[in-house]
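By convention in this document, chain letters (A, B, ...) are assigned in the order of the sequence lines, proteins followed by strands, and residues within each chain are numbered from 1.
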Amino acid sequence: MATGASEPGASEPKPGSDFIREAVKADLSSGRFKDVRTRFPPEPNGWLHIGHTKAFSIDFGVAQDFGGVCNLRFDDTNPEKEDQSYVDAIKRDIRWLGYEWGANEFYASDYYDYLYDLAIKLIKKGKAYVDDLSDEEMRQYRGTAVPDKNNITLTPPGKNSPWRERPVDENLDLFARMKAGEFADGAKTLRAKIDMAHPNLVMRDPVMYRIRREPHYRTGDAWCIYPMYDFQHPLSDAKEGITHSLCSLEYEIHRPLYDWFIQEAEVFPSRQIEFARLNITHTVLSKRWLLRLVQEKLVSGWDDPRMPTLAGLRRRGYTPESIRDFLSRIGIAKTDSMVDIQLLEHCLREDLNKRAHRVMAVLKPLKLIVDNWPAGAVEWVDAVNNPEDEGAGTRALPFTGELWIERDDFQAVPPPKYFRLFPGNSVRLRYGYIITCTGYDTDPATGELSAVHCSYDPDTKGGNAPDNRKVKGTIHWVSASHAVPIEARLYERLFPAERPMDVPAGTDWLSTIDPDSAQVLQGAYGEPSLASAKPGDFFQFERLGYFSCDPDTRDSRAVFNRSVSLKDSWAKIEKKQG
RNA sequence: UGGGACGUCGACAAGCGGUAAGUCAGCGGUUUUUGGUGCCGCCAAUCGCAGGUUCGAAUCCUGCCGUCCCAGCCA
């Protein structure tokens, strides 16, 4: 397994650095296992999100740390929801993050014959039976009360199905006929014979097979019975010789069942270990919820830049490196946790600060007229491409007498501590000249600001004052006659609430979405070099943030997504001032 | 009130009987031609609570409290 383009940093996990690696290490030294083989088992029913990223970086990472192998196995045993397009998307996204599985690509649906044979083995051992109970009856027999979130639940022992003691031969016959399609969907199930009085509900004779006449995206209509997760997963792990089956906490109560199937089927004894799944503030990490956002068109698709999917993050401008760094920082534990999204944003800023070339772009343009500039003159000034990376070199920028500056960088009446442009004040135009604001124009009709006037100091080319005088503010600009029109898309959090799922009873969490979370700025301008930006290119727009070139880019106009803003201490001051 | 798990700074998270790492956030300062970056400093007399064991407890024991998960013929 490769870890991607960049070499692993010093913060990469090491054997024994978390409780899972400790357990694996112990299993190796105790001789329980001779080597390490893990698996990442996504169901192809949706696109991968950053939560999955934690899971598969553990799966691949643990294998890698111990010189083992990690299989990619599609857990595709539910024909109703699965599709090849999801398989393709999942593979693409895992690779993007930097993991490779080579030939170790498997499908649970390839194990249908193997699983069927094992089911027969269990029937013959008297450990499984065909049941005629309906789903509703089965629920009642399981002996549980009506679901009610906040009520204490009574869980009397379950009741045995009247079909529980069917003779082995009859079970064998019926199961074969289930497979042959003699019974209607839902008419019969194959159940494990465990204990209907077991305190753990999942042990009360769980269903192993259900009848479902639904074409499967890989097996077509070859089967009309499909294995359930609890039966299929441990045995699929066994078939692949998985030593450590790593999964999230919700499967903890399934572990006894996992072990039961392994023991009764007499197969390779994989060990299941559970860890806490990833939660992040201001977003939802659940394929089911994300699917709703897509289906109800509240976002533009699985790859909407506001989505926490890998495709969304990629389009937004997140780098694989930044995500891997994030994962290395959040740790692995069993405590339910909610990670602050600001940590993710920090990781992106840190990565891009080192690597992104700086360019100047004006998002909300305001005309600046340099009144004492020689008419028609164009001067070229040098600009540093990346102050964090000397090797990135410099570029030349055209400076003229008519410039675009950021609307926010001028105030007719400046608030306290404002040190950008206002009448009488001087600022530096980055890499250009020091200017002094001499006035401004307003539209006679609307009274709105239309242009700002200034004079420049010819002795300050490049921004340095020969007399070393202090100029507190430096603002960005682009030459109006050289600027290229660009489109900038600014994103806010899709959910203003820290925990979107925690809505009052009766409220649909979808209604808490920020309808203005995507803002499109059509009238932005960029420095000339931006005309040749290609999708995926990333930049720092000086003083504004990191931007990534979107696939919607056309020759006529480049489109940029704001990946993350720069930290803005002025915004904090403003906020304090009210 | 059946079963399974978890409770260390606002958020993550080390710690594994010898006297509370680190990161993000926050706050203050400094450097700066990005109000960015960098740098410096502050931010847990205390580990959910109460007892107990011990020379010594976040770490061991007991009890309590709180939170999460489970009643799909989904995974």
Side-chain angles (χ1 to χ4, degrees), chain A residues 11 17-18 22 41-43 45 75-78 80-81 131 133-135 138-139 142-147 152-158 185-191 198-204 206-212 226 228-230 232-233 247-256 274 276 281 287-288 329-347 349-350 353-354 358 360 384 387-388 417-420 427-432 434 462-465 471-476 498 540-545 565-573:
Chain A
S11 58
S17 63
D18 57 70
E22 262 177 33
E43 184 188 10
N45 66 345
D75 226 355
D76 53 356
T77 53
N78 182 2
E80 292 172 359
K81 297 180 180 173
D131 196 356
L133 252 31
S134 70
D135 52 355
M138 197 180 290
R139 195 173 307 129
R142 208 162 6 233
T144 56
V146 181
I152 305 309
T153 309
L154 296 178
T155 57
D185 285 12
K188 286 179 166 40
T189 57
L190 182 71
R191 291 231 258 169
H198 198 106
N200 181 347
L201 267 9
V202 308
M203 297 296 276
R204 318 250 263 222
V207 172
M208 293 164 60
Y209 273 93
R210 77 280 205 180
I211 303 172
R212 194 103 320 163
Y226 291 93
M228 301 289 291
Y229 170 86
D230 282 318
Q232 166 272 121
H233 204 86
C247 61
S248 52
L249 249 29
E250 63 213 89
Y251 293 102
E252 208 152 23
I253 64 164
H254 293 252
R255 194 180 344 127
E274 314 84 11
T281 58
K287 273 198 279 192
R288 189 176 160 191
R329 291 178 191 235
I330 60 173
I332 302 167
K334 296 192 70 162
T335 318
D336 288 312
S337 61
M338 176 69 72
V339 176
D340 193 334
I341 192 158
Q342 289 182 105
L343 178 58
L344 215 209
E345 295 173 344
H346 166 83
C347 292
R349 286 193 185 102
E350 188 171 85
N353 177 51
K354 290 178 302 196
R358 274 62 170 170
M360 291 203 280
V384 173
E388 305 294 318
K417 294 182 181 166
Y418 185 84
F419 52 72
R420 277 114 96 159
V427 299
R428 174 168 32 238
L429 292 171
R430 177 144 240 229
Y431 301 125
I434 291 173
N464 292 304
V471 178
K472 193 126 170 79
T474 298
I475 65 174
H476 60 278
E498 198 168 272
Q540 183 197 100
F541 287 3
E542 293 221 32
R543 302 208 306 132
L544 297 172
S565 65
L566 252 27
K567 285 214 284 190
D568 186 354
S569 56
W570 169 244
K572 282 182 189 172
I573 296 170

>> Check this for me: does any side-chain nitrogen of one of A/K567 and A/E345 sit under 4.0 Å from a carboxylate oxygen of the other?
In response: no
> So, A/E43 and A/K287, do they make that salt bridge, N to O below 4.0 Å?
Replying inline: no
> Mind checking the C1' distance from B/rG72 to B/rA58? Whole angstroms is fine.
Replying inline: 41 Å
>> Pick the closest RNA chain B nucleotide for A/R255 and for A/A571 by heavy atoms, then say which residue is nearer the 5' end.
In response: A/R255
> Nearest to the side chain of A/W570 - B/rC69, B/rG35, B/rC73?
Replying inline: B/rG35
>> Mind checking if A/P387 touches a base, just sugar-phosphate, or nothing, with heavy atoms under 4.0 Å?
In response: base
> In the structure shown, which nucleotide is the Watson-Crick or G-U wobble counterpart of B/rC39, with both distances under 3.5 Å?
Replying inline: B/rG29
> Within the pair A/S134 and B/rC73, is there a side-chain N or O less than 4.0 Å away from OP1 or OP2?
Replying inline: no
> What nucleic acid atoms does A/N200 come within less than 4.0 Å of, heavy atoms only: base, sugar-phosphate, or nothing?
Replying inline: sugar-phosphate
>> Does B/rG35 have its OP1 or OP2 closer than 4.0 Å to a side-chain nitrogen or oxygen of A/K417?
In response: no
>> Applying the 5.5 Å / 30° rule, does A/Y229 stack onto the base of B/rA75?
In response: no
> What residues, two or more places apart in sequence or in another chain, satisfy side-chain hydrogen bond (donor to acceptor under 3.5 Å, both in side chains) together with A/H254?
Replying inline: A/D230
> In whole angstroms, how far is the P atom of B/rU37 from the CZ atom of A/R358?
Replying inline: 10 Å
>> Within the 3.5 Å criterion, strictly below it, is a donor on A/H476 or A/R543 matched to an acceptor on the partner's side chain?
In response: yes
>> Rounded to whole Å, how long is the line connecting atom CE of A/M208 with atom C1' of B/rC73?
In response: 13 Å
> Quick check: does any side chain N or O of A/D340 sit under 3.5 Å from a backbone N or O of A/L343, one acting as donor and the other as acceptor?
Replying inline: no
> Has A/H346 got a side-chain N or O lying under 4.0 Å from the OP1 or OP2 atom of B/rC24?
Replying inline: yes
> Pick from A/R428, A/E542, A/R430: which one makes a side-chain hydrogen bond (donor to acceptor under 3.5 Å, both in side chains) with A/T474?
Replying inline: A/R428
> Do the side chain of A/S248 and the main chain of A/A276 share a donor and acceptor less than 3.5 angstrom apart?
Replying inline: no
> For A/E388, which contact category applies under a 4.0 Å heavy-atom criterion: base, sugar-phosphate, or nothing?
Replying inline: base
> With respect to the side chain of A/E43, which nucleotide from B/rC73, B/rA75, B/rG4 is positioned closest?
Replying inline: B/rA75
> Looking at the angle O4'-C1'-N9-C4 for a purine or O4'-C1'-N1-C2 for a pyrimidine, is B/rA20 syn or anti, with syn meaning within 90° of 0?
Replying inline: anti
> Looking at A/Y209 and A/M228, what are the two nearest heavy atoms and their distance?
Replying inline: N-CG, 4.2 Å
> With a 4.0 Å cut-off on heavy atoms, is A/Y431 in touch with a base, just the backbone sugar-phosphate, or nothing at all?
Replying inline: base
>> Taking 4.0 Å as the cut-off, does a side-chain nitrogen or oxygen of A/R210 come that near to OP1 or OP2 on B/rA75?
In response: yes
>> Base, sugar-phosphate or nothing for A/I573? Non-hydrogen atoms, less than 4.0 Å.
In response: base
>> What does the B/S/- profile of nucleotides 8-14 of chain B look like, 5' to 3', with a 4.0 Å heavy-atom cutoff to protein?
In response: ---SSSS
> B/rC74 and B/rG15: how far apart are their C1' atoms, nearest whole angstrom?
Replying inline: 39 Å
>> I need the CG-P distance between A/L566 and B/rG38, as an integer number of Å.
In response: 11 Å
> Going by heavy atoms in the side chains, are A/Q540 and A/L566 under 4.5 Å from each other?
Replying inline: yes
>> Whether A/R139 contacts B/rC70 is assessed here as follows: a side-chain N or O lying under 4.0 Å from the phosphate OP1 or OP2. Is that the case?
In response: no
> Between atom NZ in A/K354 and atom P in B/rU37, what is the gap in whole Å?
Replying inline: 14 Å
> What does B/rC68 pair with, Watson-Crick or G-U, if both distances are under 3.5 Å?
Replying inline: B/rG4
>> Counting only side-chain heavy atoms from C-beta out, which of B/rC70, B/rG35, B/rC73 sits nearest to A/L201?
In response: B/rC70
>> Among B/rG36, B/rA75, B/rC73, which nucleotide has an atom closest to any side-chain atom of A/T189?
In response: B/rC73
>> Counting only side-chain nitrogens and oxygens, does A/K572 get under 4.0 Å of the OP1 or OP2 atom of B/rC27?
In response: yes
> Looking across every strand, which nucleic acid part, if any, lies under 4.0 Å from A/I475 by heavy atom: base, sugar-phosphate, or nothing?
Replying inline: nothing
> Using a cut-off of 4.0 Å on non-hydrogen atoms, how would the nucleic acid contact of A/M228 be classed: base, sugar-phosphate, or nothing?
Replying inline: sugar-phosphate
> So what does A/Q540 touch, heavy atoms closer than 4.0 Å: a base, only the sugar-phosphate, or nothing?
Replying inline: base
> What nucleic acid atoms does A/R191 come within less than 4.0 Å of, heavy atoms only: base, sugar-phosphate, or nothing?
Replying inline: nothing
> With sugar-phosphate meaning primed atoms plus P, OP1 and OP2, does A/F419 contact a base, only sugar-phosphate, or nothing at under 4.0 Å between heavy atoms?
Replying inline: base
> Any idea if B/rG72 is syn or anti, going by the 90°-from-0 cut?
Replying inline: syn
> Can you tell me how far C1' of B/rA25 sits from CD of A/E350, to the nearest Å?
Replying inline: 15 Å
> B/rA71 P sits how many Å from A/R142 CZ, rounded?
Replying inline: 9 Å
> Under 4.0 Å between a side-chain N/O of A/R212 and OP1 or OP2 of B/rC74, yes or no?
Replying inline: yes
> Touch check for A/Q342, heavy atoms < 4.0 angstrom, all strands: base, sugar-phosphate only, or nothing?
Replying inline: sugar-phosphate
> For the pair made of CG in A/N353 and P in B/rU32, what is the distance, rounded to whole Å?
Replying inline: 18 Å
>> Without decimals, in angstroms, what is the distance between A/L544 CG and B/rG35 P?
In response: 10 Å
> Taking N and O atoms by type only, does the side chain of A/E22 place a donor or acceptor under 3.5 Å from a partner on the base of B/rC16?
Replying inline: yes
> Out of curiosity, A/M208 CE to A/Q232 CD, how far, rounded to the nearest 0.5 Å?
Replying inline: 12.0 Å
> Using a cut-off of 4.0 Å on non-hydrogen atoms, how would the nucleic acid contact of A/H254 be classed: base, sugar-phosphate, or nothing?
Replying inline: base
> Looking for any heavy atom pair under 4.0 Å, which part of the strands does A/N45 touch: base, sugar-phosphate only, or nothing?
Replying inline: nothing
>> Would you measure the distance from the P atom in B/rC39 across to the matching atom in B/rU54 and give it in whole Å?
In response: 49 Å
> How is A/N78 classified with respect to the nucleic acid when contacts are heavy atoms under 4.0 Å: base, sugar-phosphate, or nothing?
Replying inline: sugar-phosphate
> What is the base-pairing partner of B/rC60, counting Watson-Crick and G-U wobble geometry with both distances under 3.5 Å?
Replying inline: B/rG52
>> Please confirm whether the shortest side-chain N or O distance from A/T77 to OP1 or OP2 of B/rA75 is below 4.0 Å.
In response: yes
